[in-house]
Structure formats: structure tokens, C-alpha cells
Amino acid sequence: MRLQSAIFDMDGTLLDSMPTWRELGPTFLREADIEATPEQLHALRTMTDHEVIPYLREVCGLQKSPEEIMNEIIRRMEDFYSTQVRPKPGLEKFLSILKMESVWLYAVTALDRAEAQALLRSAGIEGDFRGLLTEREAGCAVCSGTMLEKAMRRLRSQKADTVVFTGTLALVESAKAAGFRAVAVGGAAGEDEWRQMCALADYELPHYEDWLRLE
């Protein structure tokens, strides 16, 4: 695969955070002594946090306000990010390979800069990236072609030489719509989303150790 520069989103692509996100809903139910059905547990593990909150209350019967649930999500994830977050398996070696091949790397995120930098530093990979672009700084959503184009310009690269690595269908869609090549990174998406990602992306990378197979 020919590339001069690469753009990565953070959650689920650089950071091994999605398993923790997916278990939040089931954990709330266990702690409230609510016995969920297998179908409900599967649904909870495939939803965003904004989808999880009404589902927990209206379908599963969790007796907490939306504000209480959101505050608890924030508290738990802040604790996870500050003490437990790690890079995805195989990522560090993969980034080393890209650096040896003189590929310039950039990260994009919905997090604030200070928080994002602290997470990259905690995961031991901050020094691998030439820069970081946040939603607030870019004035657009991380899952948008505009965000990717701004990151690409900071890398002084071209679309033909830039590859987007992401674990989400939304960013694969945005990357392709904007004219980038996209790599679907495994481990974050559910089964249905992963199939859609692989069908749309230029390459699929279930694990970072599979990189040499794409060469």
C-alpha cells in the first residue's frame, strides 16, 4: 500500500477503549439487579452512549434520570482513561513500522486537546504523531471529510498519498466521500457495522499484526 501520510481517529482505532464503552450499559443493569435478556445485552453493546441512555430507561427499566446516567458514564470513562487506557494490541509495533517507512502520522479526535494529549501520552504513543486536531479546533465533527482535509493540509500531503485509519463506519463513509483511501480497523465495531465497513473501505485490518498482509 503506497502512502506518505496517515490519519487516525482515536477511540477504538488507536486506543483500546471500545470494550469498556460496550460494557457500560450491561454494567449499569447488573449493578441495579436488573436481569437483561440476551437480545438486550447485544443491543446495548452495539449502541452509542446517547442511544444507550434511553434504551436503559425505556426498554430495560433502569430507574435513573438521563443526567444521572450520563454523569456516571463520564465519571467511569474518565477513570478508565486516566488509569487503564492502553494502545490497541499490535499498534506500537505497527506505528514503528510506519515511522521507519517515513510515513507522517496525524490524529483526529472529538476530545479536547489537553485530554487527548494526556491519553496519547498515557498510552505511550504521543511521540509517534506529528500533530493532533480536535473538533473544537477544526470547527467540524471528527467523522467528517472537512476534518480529514484539514489534518491532511497540516501534514502537507495529498489525498492520493494519505490513508485514513478508523474503527467506525461513519468515518469510513466520510473518508471515501471526500476522496481518501480508508482502512477499516477491527475491534471496535459490531459484526454488522464491521461488514459494512469492510465492503466500503479500500483495505480491512482486523488486527494491526495483519499489516504486512496488505503490503
Exercise. With no hydrogens and no angle check, do the side chains of Ser144 and Thr146 hold a donor and an acceptor under 3.5 Å apart?
Worked result: no
Exercise. Judged by atom type as modelled, is there a donor-acceptor pair below 3.5 Å linking the side chain of Lys88 to the main-chain atoms of Gly12?
Worked result: yes
Exercise. If you take all heavy atoms of Tyr208 and Leu14, which pair is closest and at what distance?
Worked result: OH-N, 4.4 Å
Exercise. Between Phe94 and Trp211, how do the two ring planes meet: parallel, tilted or perpendicular, split at 30° and 60°?
Worked result: perpendicular
Exercise. Between Glu31 and Arg76, does at least one N-O distance fall below 4.0 Å, as a salt bridge requires?
Worked result: yes
Problem set entry | Gln40 and Tyr55: CA distance, side-chain angles, deciding distance, side-chain contact (heavy atoms from CB on, under 4.5 Å) verdict | CA-CA 9 Å; Gln40 289 171 340; Tyr55 193 87; 3.5 Å; yes
Exercise. What do you reckon, is CD of Gln196 surrounded by more than 12 foreign heavy atoms closer than 6.0 Å?
Worked result: yes
Exercise. Are Lys159 and Glu149 close enough for a salt bridge, meaning some N to O gap below 4.0 Å?
Worked result: yes
Problem set entry | Ser174 side chain to Cys143 backbone, donor-acceptor under 3.5 Å | yes
Exercise. In Å and rounded to the nearest 0.5 Å, what is the CD to CG distance from Glu115 to Leu120?
Worked result: 11.0 Å
For this session: Answer whether the closest heavy-atom distance between the side chains of Lys176 and Asp202 falls below 4.5 Å.
Result: yes
Problem set entry | Asp161 versus Ser157, side-chain donor and acceptor atoms under 3.5 Å | no
Exercise. For Arg136, does the CZ atom sit with more than 12 other heavy atoms under 6.0 Å from it, leaving out its own atoms?
Worked result: no
For this session: Output yes when a side-chain donor or acceptor of Glu135 lies under 3.5 Å from a complementary backbone atom of Val142, and no otherwise.
Result: yes
